[in-house]
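Report on one structure; see the data block that follows.
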Amino acid sequence: MHILIAEDDTLIQQGLADLLTKEGYQVSCANDGEQAMSLYQAARPQLVLLDIMMPYKDGYQVCREIRQLDESVPIIFLSAKSEEIDKVVGLELGADDYIAKPFGTREVIARIRAVTRRFLRSQQSTQTQFKLGDLCVYPQELRAKRDNGTIELSLRDVKILELLSQHKHQVVTRDQLFDYCWGRDYLPSSRTLDQHISKLRKSIEVDPKQPQVIVTVHGVGYRCDC
């Protein structure tokens, strides 16, 4: 899923880009309204994070122009302007949500995951669910369930579990994981993969110290044994 971030504050822009890349999204960044429209027309992202106060064209104008091209793409405004009237104007222009600065990473991820779930449900090819032992994964919901308990997953978590499910009891190499879950253009880092797997295990394994869903095959990759 491709997200366009239109934000002229470089620190906020880079922070959002890093956060969403770790979640498993493809990200493009624009520093002003004109660049945002150029990138939107070239890439047609599935979600737009849109600052209001930007050079050349403000977020309201960009939102108007995007809505002329596409009435359905989700748009979330990011702005320090927190007056009620500003929120009303943004929503009346066709925005789907509004996040006031300063905002926390958990809030941003929660809002974007909600949009991602709607996007995935619209994709007919997306699996409805699959099982890894007693763990049932629901890709369209970005969730897994076990014993009536719910586990929140990122888009990249789902991709990792999908790949392991497709190759049960077979070794999935590190290169396969990077290609499928990070993309072929990503420069592999063993630390990146190991840290992500370690975090995912803590969420989904009954005993992370004795994993069954994601078993390490030293020097090669990982395997699902359940």
Side-chain angles (χ1 to χ4, degrees), residues 1-126 139-142 153-156 158-159 182-183 185-186:
M1 184 174 176
H2 188 178
I3 297 178
L4 171 61
I5 302 171
E7 168 62 67
D8 65 333
D9 185 314
T10 55
L11 291 178
I12 294 177
Q13 181 194 106
Q14 190 58 52
L16 286 169
D18 290 345
L19 178 66
L20 296 176
T21 299
K22 289 178 182 177
E23 281 279 304
Y25 297 97
Q26 179 185 353
V27 174
S28 295
C29 295
N31 300 313
D32 58 64
E34 288 187 356
Q35 187 181 24
M37 280 309 305
S38 295
L39 286 173
Y40 179 81
Q41 291 173 318
R44 289 302 176 103
Q46 284 84 38
L47 171 65
V48 180
L49 297 181
L50 189 58
D51 186 28
I52 292 178
M53 303 301 293
M54 292 188 295
Y56 306 119
K57 292 181 181 179
D58 64 23
Y60 294 144
Q61 181 61 33
V62 174
C63 183
R64 289 189 190 96
E65 293 183 16
I66 289 176
R67 281 290 171 251
Q68 290 174 359
L69 298 172
D70 190 331
E71 295 182 354
S72 62
V73 62
I75 298 174
I76 299 177
F77 273 125
L78 305 170
S79 178
K81 301 183 72 174
S82 57
E83 294 294 330
E84 188 68 25
I85 186 62
D86 297 315
K87 296 181 181 181
V88 171
V89 169
L91 295 173
E92 286 183 345
L93 288 174
D96 296 85
D97 208 344
Y98 191 113
I99 303 177
K101 301 174 187 175
F103 45 75
T105 57
R106 289 185 179 181
E107 179 184 10
V108 173
I109 290 301
R111 303 282 185 96
I112 291 175
R113 283 183 179 177
V115 172
T116 302
R117 290 183 184 110
R118 293 199 294 272
F119 170 77
L120 292 176
R121 283 195 291 268
S122 71
Q123 306 302 298
Q124 294 181 355
S125 61
T126 303
Q140 294 177 347
E141 297 181 20
L142 296 182
L153 300 172
S154 71
L155 188 61
R156 180 160 288 133
V158 170
K159 288 181 180 179
W182 273 261
D185 295 333
Y186 187 84

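Computed over heavy atoms, backbone and side chain alike; hydrogens, waters and symmetry mates excluded. The structure displayed is predicted, hence computed values, not measured ones.
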* Show your reasoning for whether side chain to side chain contact (heavy atoms under 4.5 Å, CB included) applies to Arg156 and Trp182. => CA-CA 8 Å; Arg156 180 160 288 133; Trp182 273 261; 3.4 Å; yes
* Passes side chain to side chain contact (heavy atoms under 4.5 Å, CB included), Val62 versus Val48? Steps please. -> CA-CA 10 Å; Val62 174; Val48 180; 5.8 Å; no
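Other residues, nucleotides and ligands contribute only 12 or fewer heavy atoms inside 6.0 Å of the NZ atom of Lys22. The 12-atom threshold is not exceeded at OH of Tyr56, counting heavy atoms of other residues, nucleotides or ligands nearer than 6.0 Å.
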Anything under 3.5 Å between a donor and an acceptor, one on a side chain of residues 10-18, the other on a protein residue two or more places apart or in another chain? List them.
residue	atom	partner	partner atom	Å
Gln13	NE2	Glu7	O	2.8
Gln13	NE2	Ala30	O	3.2
Gln13	NE2	Asn31	OD1	2.8
Gln14	NE2	Asp18	OD1	2.8

Got a list of side-chain donor-acceptor pairs under 3.5 Å for residues 105-113, not counting sequence neighbours?
residue	atom	partner	partner atom	Å
Glu107	OE2	Arg111	NH2	3.0
Arg111	NH1	Asp97	OD1	2.9
Arg111	NH1	Asp97	OD2	3.1
Arg111	NH1	Tyr98	O	3.2
Arg113	NE	Glu23	OE1	3.1
Arg113	NH2	Glu23	OE1	3.2
Arg113	NH2	Glu23	OE2	3.1

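Checked options Leu142, Leu47, Val158; the residue passing with Thr116 is Leu142 (criterion: side-chain contact (heavy atoms from CB on, under 4.5 Å)).
For residues 24-53, the set of pairs meeting the salt bridge (charged side-chain N to carboxylate O under 4.0 Å, His left out) definition, not counting sequence neighbours, comprises Asp51-Lys101. Pairs passing the salt bridge (charged side-chain N to carboxylate O under 4.0 Å, His left out) check and including a residue from residues 61-71, sequence neighbours excluded, read Lys57-Glu65, Arg67-Asp96.
Here the shortest heavy-atom pairing between His2 and Ala43 reads CE1-CB, 3.4 Å. Shown here for Cys29 and Leu39, the closest heavy-atom pair between the two residues is O-CD1, 3.2 Å.
In this structure, the side chains of Leu4 and Ser28 come closer than 4.5 Å at one or more pairs of heavy atoms.
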